[in-house]
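Nothing here was measured: the structure is a model prediction, and the numbers come from that model.
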Amino acid sequence: MSAMVHVSRKRWGARTGAWVLLLALVAPLAAAAGSGPYVGHDIRPGVGVTRMVWLSEYHPPLRGTPGDTPVYILEGSQPGSTVFVAGGTHGNEIAGVMAATVLVEKAVVTQGRLIVIPRANNSASTYAEVEYGDPEWIWLVTPSGPRAFRYGARRTHPDHHGTPDPAVYVHPKGSTFEGYEIRNLDRVHPGRPDGTLTEQVSYAMVELIRRENVHVAFDLHEAGPTSRLANMLISHPKGLEIGALALLNLELEGISMKLEHSSEDFRGLSHREWGDETDAYAYLIETPNPGQAPDRMNPDVVGDPEAPLWKRVGTQLATIRSVLEAFTMADPSFAFEYTAPDYADLEARGLGAHLN
């Protein structure tokens with residue numbers, strides 16, 4: 001499961017038509033110099049992607065709005081369980097965006113289904129918080145040449161939200177936050193079908209998890225390097241034992257992660273609400289982003305010596321893989337097999353080498 005996939009000529013030939021069609025569909029997203037709400041979405045689906053839909057498929061009012069975003073589906077030849085991965089809940093947590101992008105471009109599923117959204121909050125990816133020193137773009141050298149990826153913001157763009165932020169945001173289940181958190185996708189779950197743009201994006205994601213009978217769901221995040229959340233797996237209580245097994249296996253590989261369970265008193269977060277509102281086992285992965293340090297100004301979010309981007313993406317991918325391996329060992333109903341780049345692959349060749 002952890003080895004880098006090598007695509008045979010026969011498999012490539014069988015999938016070429018679908019790949020070309022998908023590339024044509026997402027071409028408007030791929031032009032870094034383009035305009036509109038999908039600027040910076042240079043995602044080039046690999047041969048493992050069997051189809052692409054839009055998030056609005058699960059909530060039609062999103063269609064044509066800055067909240068709509070591509071959903072990539074990788075289907076194996078054998079039936080099995082469904083796994084969901086969301087990157088870009090916060091647009092500035094770039095390791096999650098890039099880990100999801102690596103899966104879209106390089107993963108191949110042989111049993112079950114993998115559903116991936118690289119830019120969960122598309123609106124947040126349309127702008128960068130340059131006033132805090134955040135970059136607008138990151139650049140990576142890939143086999144097809146230099147590629148630019150948008151470094152977004154934490155919250156939905158204020159212009160897309162529709163109304164001014166309240167003084168205080170009170171989640172329907174009771175938790176209280178600063179008013180601007182009403183635009184934070186990871187504070188409004190499970191969303192509302194007639195709510196703000198952010199709440200409707202959340203609602204669509206929860207509908208996806210329900211309708212597609214997702215067994216395991218991952219939300220990929222980053223935290224400040226000194227945050228207690230850095231290098232942490234947060235699990236809904238029903239998946240805590242499997243999470244512990246996964247981190248034990250990672251520790252044996254030399255990758256250290258902490259484990260925390262979702263608090264029932266802290267509402268609106270994916271790992272809590274996805275687990276409460278659906279049958280899925282929900283997990284959130286955090287890695288340490290130098291761009292989220294308290295004193296950040298012009299941080300090196302790609303080549304930082306302590307937390308380079310390849311290492312953070314590799315940790316995200318390895319944690320996903322380890323959790324899925326733990327399910328395979330512990331849950332007889334779980335059936336999922338795939339190949340994708342892992343930590344050792346990125347350590348050996350870098351992140352760009354594992355993109356198209």
Side-chain angles (χ1 to χ4, degrees), residues 1 5 15 18-19 22-23 25-26 29-30 38 40-58 67-76 80-91 93-122 124-125 149-150 152 185 201-202 204-221 270 274 278 280-285 313-314 316-321 323-324 336-342 346 351 354-356:
M1 186 182 292
V5 60
R15 292 281 177 87
W19 187 88
L22 283 163
L23 196 57
L25 287 171
V26 300
L29 313 183
Y38 305 110
H41 290 39
D42 184 3
I43 297 172
R44 305 176 185 183
V47 295
V49 175
T50 52
R51 58 194 177 100
M52 190 200 85
V53 299
W54 292 85
L55 187 60
S56 56
E57 188 93 358
Y58 303 94
D68 208 359
T69 194
V71 179
Y72 300 89
I73 302 173
L74 296 80
E75 299 164 299
S81 304
T82 298
V83 174
F84 173 62
V85 176
T89 288
H90 297 146
E93 296 175 7
I94 195 66
V97 174
M98 297 313 303
T101 301
V102 168
L103 291 174
V104 170
E105 299 199 5
K106 291 297 184 181
V108 173
V109 176
T110 52
Q111 182 176 23
R113 290 188 306 165
L114 175 62
I115 301 174
V116 186
I117 303 180
R119 297 278 188 178
N121 188 347
N122 178 72
S125 72
F149 297 90
R150 188 66 187 258
L185 180 57
V201 170
S202 167
M205 293 176 69
V206 172
E207 281 293 289
L208 182 159
I209 294 169
R210 287 181 182 137
R211 291 189 206 174
E212 301 296 346
N213 297 313
V214 170
H215 195 112
V216 188
F218 297 94
D219 193 10
L220 308 184
H221 284 252
S270 58
W274 292 357
T278 77
Y281 290 84
Y283 297 92
L284 186 147
I285 301 171
V313 172
Q316 300 257 6
L317 294 170
T319 304
I320 291 170
R321 185 257 308 156
V323 170
L324 297 178
F336 183 80
E337 294 182 1
Y338 77 122
T339 54
D342 205 352
L346 272 68
L351 172 58
H354 294 95
L355 295 166
N356 288 331

Is any side-chain heavy atom of [Y] closer than 4.5 Å to one of [X]?
| X | Y | value |
| --- | --- | --- |
| V83 | V214 | no |
| V97 | R150 | no |
| L346 | P341 | yes |
| M98 | Q316 | no |
| D342 | R321 | yes |
| L284 | T89 | no |
| V206 | Y58 | no |

Note to self: Tell me which one of N213, T50, T82 satisfies side chain to side chain donor-acceptor pair (under 3.5 Å) with R113.
What the structure shows: T82

Restricting to non-hydrogen atoms, name the atom on [X] and the atom on [Y] that form the minimum distance, rounded to 0.1 Å.
| X | Y | result |
| --- | --- | --- |
| L317 | A99 | CD2-O, 3.7 Å |
| T101 | P118 | OG1-CB, 3.9 Å |
| A95 | V313 | O-CG2, 3.7 Å |
| N356 | R44 | ND2-O, 2.9 Å |

Margin query: Restricting to ring-ring contact (aromatic ring centres under 6.0 Å, His included), what partner residues turn up for Y281, sequence neighbours left out?
Written below: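 With neighbours one apart ignored, the set is H215, F327.
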
Next item on the list: Check side-chain contact (heavy atoms from CB on, under 4.5 Å) between A86 and all other residues, then give those that pass, not counting sequence neighbours.
Entry: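 Partners of A86 under the side-chain contact (heavy atoms from CB on, under 4.5 Å) test: F84, A120, M205, D219, W274.
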
